[in-house]
Amino acid sequence: MPSLQTALPPELANNVIRLYRECLRRAKYIGHRQHNTELVVGMVRDQFKRHMHERDPEKIQKLKDDAARGLINHMLYESEKVTGRKFSNNS
């Protein structure tokens with residue numbers, strides 16, 4: 001199965017630190033809008049900290065894909081709100 005990271009810019013997808021920072025930015029944005037910034041940011045930090053010593057390349061790739069999926073989903077959600085156009089066929 002191809003990596004979801006191909007939908008992200010390579011400088012973001014190939015660099016875990018940049019991916020982490022972008023996830024934190026999105027978490028702060030979502031948290032601010034929902035008035036629970038500390039909770040959402042804490043969840044992102046916990047996920048990255050929990051897996052920071054992972055050495056298995058396949059598991060690392062899966063974790064990076066999961067993070068990329070979260071970013072892509074949020075970007076699509078925000079785009080749908082702005083344009084009023086649905087990008088998914090669900091519902």
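When reading the values below, keep in mind they use all heavy atoms of this one structure, side chains included, and skip hydrogens, waters and symmetry mates.
Residues V16 and L63 have side chains not in contact (no heavy-atom distance under 4.5 Å, counting atoms from C-beta outward).
Y77 and I72 end up in different hydrophobic clusters when Ile, Leu, Val, Met, Phe, Trp and Tyr side chains are linked at under 4.5 Å.
Within the 3.5 Å criterion, the main-chain N or O of L39 finds no donor-acceptor partner in the side chain of N36.
A salt bridge is defined here as a Lys NZ or Arg NE, NH1 or NH2 lying under 4.0 Å from an Asp or Glu carboxylate O, and D66 with R69 meets this definition.
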Between side-chain atoms of residues 40-55 and protein atoms elsewhere (two or more places apart, or another chain), which donor-acceptor pairs fall under 3.5 Å?
unit_1, atom_1, unit_2, atom_2, d
E54, OE2, D56, N, 3.2

Less than 3.5 Å apart, which donor and acceptor atoms pair up between the side chains of residues 24-34 and the rest of the protein, not counting sequence neighbours?
unit_1, atom_1, unit_2, atom_2, d
R25, NH1, E22, OE1, 2.9
R26, NE, E22, OE2, 3.1
R26, NH1, H74, ND1, 3.2
Y29, OH, R33, NH1, 2.6
Y29, OH, E78, OE1, 3.2

